[in-house]
Amino acid sequence: MAATPQNLLRARVGEAVAAAFGDDLEMPEPLVVPTSDARHGDYTTPVAMTLARTLGRSPYELAQRLAAALQVEPVADPPEVVRPGFVNLRLHSAWLAQRVGELVGDECVGVDPAPAPARVVVDYSGPNVAKAMHVGHLRSTIIGDSVANVAELLGHEVERVNHVGDWGTQFGMLIAHLDDRGPLGEEAGSGDLAQVEALYREANARFAADEAFRERARRRVVELQAGDAGVQKIWRWLVGLSMAENQAVYDLLGVRGLVARGESTYQPMLAKVVADLEAANLVVVDDGAKCVFVDGFTNAEGEPLPLIVQKADGGYNYETTDLAALRSRVEQGAGRLVYVVDAGQSQHFQMVFAVARMAGWLPEGVEATHVAFGLVLGEGGRRLRTRSGDSVRLVDLLDEAVQRARRFVVERAEERGEAVPGDVDEVARVVGVGAVKYADLSQHRQSNYVLSFDRMLSLKGNTAPYLQYAYARIRSILREAGWDGGVPDDRPPVILDEPQELDLAKRLVVTGDVVSRVAEDYLSNHLCTHLFEVAQAYHQFYEHCPVLRSPEPLRSSRLALCEVTAATLRLGLGLLGIEVLDRI
RNA sequence: GCCCCUGUAGCUCAGCUGGAUAGAGCGGCUGCCUUCUAAGCAGCGGGUCGCAGGUUCGAGUCCUGCCGGGGGCGCCA
């Protein structure tokens, strides 16, 4: 448990509640919360009010008894009791100073490892073969990568799995269409993904309109699944072409360690999944399809809704694949399964998890979570879809972001009469890509995300560039002081006399709280808010408190604040998958 | 029709298992660069938290109903 104020105070309040009101009492929650207003101190406990009814006493009286039993030194000043029954706590500046001192040189800035490390499989990105990645894949990739980063920092063994859409009916269509359109792509090097995508759209249209074509497409799927050499060759070519193009996007995004394990991986396991479900008496054949009915799910007519695990034509579908993948991951020792997939799939995952529980493939101790996120919308609030033709390719979106960042750097240099930095391309990439990621991650993931180039690339406000800029400013100071290579072992203690120093320190000591919360709720926007608050507090400190010009021991104390701030931004942005620069 | 998400400042959004006078950013207006990077800082203005009830000492937060937006609802993935 990280030595954060909230953790420490929670423990003390818990002890005080037991001491004052008896330890057989059910502990009220929450024990300690941050105050809404600095006038009420830094933290408060509302437990006296919570307990007032069950104990039949006035909250104020209970608050006084609680305060009398409460030992918060040296973390906080003596508690203050306020009507109707708050017990307010103000952090002791000496404790804060000491705590910040402990964080100097700590790359994890007070984030402690999880008590029970587990094997965590994070399933994200999931592009489809034969289609370029579009903005819809952006959120899964960015959010999933951050989820994996956070789990990894907490000491979990993380497996980043790219569940590529490389199997299924669409290949039947595509291959059947290629039959008619000639041997595009069968010669190595001919054709590119844009061409394939156009063919995909044509195939889709024919599939919808032409019964004979539909029939032929289904045959092609069966041949593919049966391992027909000719069909497999085309399929492999399509997969290779798509993955090469996707890799360019991952390189640009700086997403690493993502292991492609497509739907086809699980193909050999599908028959056994169905057979085992049948053996467990979970399967009902309905209209020729093998179904597992799950309590609590109904269709549009109000009838029970099944999870179909084998279609009437004998083919398997993605429900079967997801079950096979889940089962295989658990068998390989996963303690936690995380699926970063859009919110539209939430019923699907509920049903898959439910069936997996019924089949015993998801034991009690293993946690499966669907980390759902909202849609990507256009400026008008309309949904962006590939089929509608007005969607943005991910490569184009990122390129545009990088170009805008580059333009800004060049213009700023010209305004100041300085030379354009030699590493302008690198700066543009880090800032542009960072801006795109941050715009997404700083938003609550459940809500629909309105994509706006102007907003996401705005270099002001609660954006990645603001944080990166703050970081670069700090690094500049640390460089001047000779602290950039490492901090001196022999340092005077941290001094927090100015209100800006105190405020900055209060924010620096809670990173452990924030990260553990994000690890639980997968809501990266809380981390973003924290980093923004740290950066704002730093800028206020920067305006009011000279660092390099101050005499010792103030100079070293302020350098220590700079150092911990830089480490916080570096760590936090790193968790979001965003790079930092020593100079901008 | 049923299920899930959602409605907070002009715009985009936060709001931590119910806590005190609901917060940011953008945009608008006013100041601050001979001083560690002005991508910054200080300040001003901006609200019936969709509507109506209910529970509670206390509701943006929980419950019910209604209105509006999005998504999903058996053989695509």
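Everything numeric here is computed off the predicted structure, so don't read it as measured data. Residue numbering restarts at 1 for every chain, and letters A, B, ... go by the order of the sequence lines.
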### Query
Per the atom types in the model, does the base of rA77(B) pair as donor or acceptor with the side chain of Thr321(A) at under 3.5 Å?
no
### Task
Would you jot down, in residue-number order, the residues of residues 535-548 of chain A having a non-hydrogen atom under 4.0 Å from RNA chain B?
Gln536(A), His539(A), Gln540(A), Tyr542(A), Glu543(A), Cys545(A), Pro546(A), Val547(A), Leu548(A)
### Message
Closest approach to the side chain of Pro34(A), judged atom by atom: which nucleotide of rG27(B), rA77(B), rC16(B) is it?
### Response
rC16(B)
### Query
Got Thr141(A) and Met133(A) here, is their nearest side-chain heavy-atom distance under 4.5 Å?
yes
### Query
Can you tell me how far C1' in rG69(B) sits from the matching atom in rC51(B), rounded to whole Å?
15 Å
### Query
Tyr339(A) vs Phe349(A) aromatic rings, parallel, tilted or perpendicular, using cut-offs 30° and 60°?
tilted
#### Entry: Salt-bridge contact Glu533(A)-Arg507(A) (side-chain N to carboxylate O under 4.0 Å)
yes
### Query
Which part of the nucleic acid, if any, lies within contact of Cys291(A), taking any heavy atom under 4.0 Å across all strands shown: a base, the sugar-phosphate backbone alone, or nothing?
base
Polar pairs (N or O, both sides) under 3.5 Å between protein and nucleotides 54-59 of chain B?
from    : atom 1 : to       : atom 2 : distance (Å)
rC57(B) : N4     : Met49(A) : O      : 3.3

### Summary
pair_partner(rG1(B)), Watson-Crick or wobble, both distances < 3.5 Å, evaluates to rC73(B)
### Task
Report the nucleotide, chosen from rA77(B), rG72(B), rG74(B), that has the shortest atom-to-atom distance to any side-chain atom of Gln347(A).
rG72(B)
### Task
Output yes when Arg139(A) and Asp440(A) qualify as a salt bridge under the 4.0 Å nitrogen-oxygen rule, no when they do not.
yes
### Query
Looking for any heavy atom pair under 4.0 Å, which part of the strands does Gly344(A) touch: base, sugar-phosphate only, or nothing?
sugar-phosphate
### Message
Looking at Lys311(A), I'd like to know whether one of its side-chain N or O atoms comes within less than 4.0 Å of OP1 or OP2 on rC76(B).
### Response
yes
### Task
Using both distances under 3.5 Å as the test, list the Watson-Crick or G-U wobble partner of rC62(B), or none.
rG54(B)
### Query
On the ring face of Phe373(A), is Arg445(A) found with NZ or CZ under 6.0 Å from the centre and within 45° of the axis?
no
### Task
Please state whether the base of rA20(B) and the side chain of Arg39(A) form at least one donor-acceptor pair under 3.5 Å?
no
### Task
Scan every strand shown for a Watson-Crick or G-U wobble partner of rA42(B), both distances under 3.5 Å, and answer none if you come up empty.
rU30(B)
### Task
Give the nucleotide from the list rA77(B), rG74(B), rA39(B) with an atom nearest to the side chain of Ile308(A).
rG74(B)
Side-chain donor-acceptor pairs of residues 401-411 of chain A under 3.5 Å, sequence neighbours excluded:
from      : atom 1 : to        : atom 2 : distance (Å)
Arg404(A) : NE     : Glu400(A) : OE2    : 3.1
Arg404(A) : NH1    : Asp454(A) : OD1    : 2.9
Arg404(A) : NH2    : Glu400(A) : OE2    : 3.2
Arg406(A) : NE     : Asp425(A) : OD1    : 2.7
Arg406(A) : NH2    : Asp425(A) : OD1    : 3.3

### Query
Of all of residues 466-478 of chain A, which get a heavy atom below 4.0 angstrom from RNA chain B, listed by number?
Tyr466(A), Tyr469(A), Ala472(A), Arg473(A), Ser476(A), Ile477(A)
### Residue closer to the 5' end of RNA chain B, Val32(A) versus Thr169(A) (nearest nucleotide)
Val32(A)
### Message
At 4.0 Å (heavy atoms only), tell me whether Ile584(A) reaches a base, stays on the sugar-phosphate, or touches nothing.
### Response
base
### Query
NA contact type, Asp287(A), heavy-atom cut-off 4.0 Å: base, sugar-phosphate, or nothing?
base
### Query
Does any N or O donor sit under 3.5 Å from an N or O acceptor when you compare the side chain of Asp286(A) with the base of rG74(B)?
yes
### Query
Over how many whole Å does the gap from Gln350(A) atom CD to rC3(B) atom C1' extend?
9 Å
### Query
So what does Phe408(A) hit on the nucleic acid, given a heavy-atom distance under 4.0 Å: a base, only sugar-phosphate, or nothing?
base
## Note on the structure
Closest heavy-atom pair, Asp166(A) versus Val239(A), reported as atoms and distance to 0.1 Å, is CB-CG2, 4.3 Å
### Task
Determine whether any donor atom in the side chain of Asn88(A) lies under 3.5 Å from an acceptor atom in the base of rA20(B), or the reverse, and answer yes or no.
yes
### Query
Do the non-hydrogen side-chain atoms of Phe541(A) and Leu561(A) ever get within less than 4.5 Å of each other?
yes
### Query
Which part of the nucleic acid, if any, lies within contact of Ala343(A), taking any heavy atom under 4.0 Å across all strands shown: a base, the sugar-phosphate backbone alone, or nothing?
nothing
## Note on the structure
Which of Arg206(A), Arg201(A), Arg216(A) passes side chain to side chain donor-acceptor pair (under 3.5 Å) with His177(A)? It is Arg206(A)
### Complementary nucleotide for rU35(B) - Watson-Crick or wobble, under 3.5 Å
none
### Message
Of the options rA20(B), rG74(B), rA77(B), whose atoms approach the side-chain atoms of Glu263(A) most closely?
### Response
rA77(B)
### Message
When you compare the ring of Phe86(A) with the six-membered ring of rA20(B)'s base, are the centres less than 5.5 Å apart and the planes under 30° from each other?
### Response
yes
### Task
Could you list the residues that satisfy salt bridge (Lys or Arg N to Asp or Glu O under 4.0 Å) with Arg429(A), not counting sequence neighbours?
Glu426(A), Glu579(A)
### Query
Asn162(A) has an atom CG; how far is it from atom P of rA77(B), in whole Å?
18 Å
### Query
Picking from rG40(B), rA20(B), rA77(B), which would you name as closest to the side chain of Asn128(A)?
rA77(B)
### Message
Regarding Arg83(A), tell me which of base, sugar-phosphate or nothing describes its non-hydrogen contacts under 4.0 Å with the strands shown.
### Response
nothing
### Query
Stepwise, does the side-chain contact (heavy atoms from CB on, under 4.5 Å) test hold for Leu531(A) with Leu576(A)?
CA-CA 11 Å; Leu531(A) 296 178; Leu576(A) 300 171; 3.9 Å; yes
### Task
Nearest whole angstrom, please: distance from the P of rA77(B) to the NZ of Lys131(A).
12 Å
### Query
Would one find more than 12 heavy atoms of other residues, nucleotides or ligands at under 6.0 Å from atom CZ of Arg555(A)?
yes
### salt_bridge(Arg475(A), Asp582(A)) N-O dist < 4.0 Å
yes
#### Entry: Nearest-Å distance for atom pair CZ/P, residues Arg549(A) and rU37(B)
10 Å
### Task
Assign a letter to each nucleotide of nucleotides 8-15 of chain B from its 5' end: B, base within under 4.0 Å of a protein heavy atom; S, sugar-phosphate only; -, no contact.
----SSSS
### Query
Is Arg517(A) paired with Asp513(A) through a side-chain N to carboxylate O contact shorter than 4.0 Å?
no
#### Entry: Syn or anti conformation of rC33(B), syn meaning chi within 90° of 0
syn
#### Entry: Contact nearer the 5' end of RNA chain B, comparing Asn317(A) with Val87(A)
Val87(A)
### Query
Relative to Phe171(A), does Arg220(A) satisfy both conditions: NZ or CZ under 6.0 angstrom from the six-membered ring centre, and within 45 degrees of the ring's axis?
no
### Task
Could you let me know what rG18(B) is paired to, Watson-Crick or G-U wobble, both distances under 3.5 Å, or none if it's on its own?
none
### Task
Look at the side-chain N and O atoms of Ser346(A) and state whether any lies under 4.0 Å from the OP1 or OP2 oxygen of rC4(B).
no
### Message
Taking rC3(B) as the reference, what is the distance to rC63(B) when you measure between their P atoms (whole Å, please)?
### Response
14 Å
